[in-house]
There are 2 protein chains.
Amino acid sequence: MKIGEAAKRSGVSAKMIRYYEEIGLLAPAGRAGNSYRDFDAREVHELVFIRRARALGFSIEEIARLLALWRDRGRPSREVKEIADRHVADLKARISDLQGMVDQLEHLTRCCTGDDRPDCPILADLASP
Amino acid sequence: MKIGEAAKRSGVSAKMIRYYEEIGLLAPAGRAGNSYRDFDAREVHELVFIRRARALGFSIEEIARLLALWRDRGRPSREVKEIADRHVADLKARISDLQGMVDQLEHLTRCCTGDDRPDCPILADLASP
DNA sequence: CATTGACCTTCCCATGATGGGAGACTTTAT
DNA sequence: ATAAAGTCTCCCATCATGGGAAGGTCAATG
């Protein structure tokens with residue numbers, strides 16, 4: 001099948017499919033008639049794998065490792081779990097950063113009248129020494 | 001004072017100071033002897049403002065609006081609060097996205113033995129139709 | 001006064017993942 | 001046969017930041 005069909009079936013845009021091939025995440029697709037890429041079901045399956053992994057926040061780098069493990073039938077699940085655990089720790093760190101921002105901002109906005117007066121604790125905080 | 005000193009006092013790198021000037025976030029600094037930028041205390045103060053706003057996750061775009069309001073002594077605090085509230089909502093949405101990923105991944109990793117066996121619910125999930 | 005080292009300048013490049021678009025070519029449908 | 005839709009490769013843009021090169025400027029020391 002051609003790239004548009006593969007995109008539709010996998011949920012990955014044609015643009016991204018070409019990009020994944022370019023950076024070596026996917027093996028170069030065969031060419032039908034030496035010009036259009038030609039995909040089979042296995043390749044669409046890999047694209048779906050990638051899309052789902054992206055939706056879980058894995059980086060391309062991590063996905064490359066997950067794909068390699070997926071292709072290796074004898075892999076130890078330990079290695080997969082390690083990648084996932086590290087990623088979860090990373091996500092939690094990001095959440096914690098963002099939550100810290102929310103906490104500070106909510107404190108400030110609670111103190112801000114938000115009316116026509118110019119006094120604003122939010123600006124006062126940003127401008128404080 | 002020269003850019004290195006302004007960077008040290010504000011906590012904003014010289015690279016970033018030039019960038020903020022280039023994109024118009026800051027008024028072009030005066031030049032001493034027509035070559036080196038020359039900063040005064042007020043400009044350092046603005047840089048600190050920017051650094052703190054960045055630490056709260058505001059985009060450059062938002063900071064430009066906050067700076068304009070800060071400079072306007074008669075601004076209504078309502079406008080500041082609107083920006084902050086929208087930003088908080090944005091942060092919360094991102095947290096919620098990330099938390100969803102964590103939840104899914106923790107469910108999967110709880111089910112993964114993480115030993116030498118190849119069976120892995122994490123990969124199985126990513127590869128599922 | 002001259003050299004040296006620290007600082008400054010501008011310009012270009014890279015990041016990560018994605019989208020947009022141009023210009024040329026191929027396939028498919030009418 | 002012609003028109004429409006799909007595909008190809010390139011290049012550019014995002015957002016905020018850092019790295020580095022090549023060259024100019026300043027301050028202190030010999």
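Convention: sequence-line order gives letters A, B, ...; per-chain numbering from 1. Remember, predicted model here, so these are calculated numbers, not experimental data.
Considering every non-hydrogen atom in both E43(B) and D38(B), the closest pair reads OE1-O, 3.7 Å. Minimum interatomic distance between K81(A) and T113(B) (heavy atoms only, all atoms of both residues): CD-C, 4.3 Å.
Contact footprint of chain B on DNA chain D: nucleotides with an atom under 4.0 Å from a non-hydrogen protein atom, first to last in 5' to 3' order, dA16(D) to dT25(D).
For the pair E22(B) CD and dC12(C) P, the computed distance is 11 Å after rounding to whole Å. Note: OH (Y19(B)) to P (dC11(C)) measures 16 Å, nearest angstrom.
We find that D119(B) and R117(B) are not joined by a salt bridge, their nearest charged nitrogen and carboxylate oxygen being 4.0 Å or further apart. Under a 4.0 Å N-O distance rule, the pair D90(A)/R94(A) qualifies as a salt bridge. Using a 4.0 Å cut-off between a side-chain N of Lys or Arg and a carboxylate O of Asp or Glu, R71(B) and E46(B) qualify as a salt bridge.
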Just distance, no hydrogens or angles: give the donor-acceptor pairs under 3.5 Å from side chains in residues 17-25 of chain A, sequence neighbours left out.
residue, atom, partner, partner atom, Å
E21(A), OE1, A29(A), N, 3.3
E21(A), OE1, R37(A), NE, 3.0

Distance-only donor-acceptor hits, side chain of residues 97-107 of chain A, under 3.5 Å, sequence neighbours excluded:
residue, atom, partner, partner atom, Å
Q99(A), NE2, D103(A), OD1, 3.0
E106(A), OE2, K92(B), NZ, 2.6

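The ring pair (Phe, Tyr, Trp, His ring centres under 6.0 Å) analysis of residues 73-103 of chain B, with sequence neighbours excluded, yields the pairs F58(B)-H87(B).
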Go along nucleotides 19-30 of chain C 5' to 3' and tag each nucleotide: B for a protein heavy atom under 4.0 Å from its base, S when only backbone or sugar atoms are that close, - otherwise. SBB----BS---
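From L47(B), atom CG reaches atom CG of L26(B) across 5.5 Å, with rounding to the nearest 0.5 Å. With rounding to the nearest 0.5 Å, the separation of CD1 in I3(A) from NZ in K15(A) is 10.0 Å.
For the 3.5 Å distance criterion, the side chains of R52(A) and S128(B) qualify, holding a donor opposite an acceptor.
Comparing the helix axis at one end of the helix from dC1(C)-dG30(D) to dT30(C)-dA1(D) with that at the other, each defined from 5 consecutive pairs, gives an inter-axis angle of 30° (nearest 10°).
Ranked by how close their nearest DNA chain C nucleotide is to the 5' end, D38(B) and I60(A) are led by D38(B). Ranked by how close their nearest DNA chain D nucleotide is to the 5' end, A14(A) and R54(B) are led by A14(A).
Nucleic acid contact class of F58(B) (heavy atoms, under 4.0 Å, all strands): none. When heavy atoms are screened at a 4.0 angstrom cut-off, R18(A) is found touching base atoms of the nucleic acid.
For Y20(A) and dT18(C), the shortest distance from a side-chain N or O to OP1 or OP2 is below 4.0 Å.
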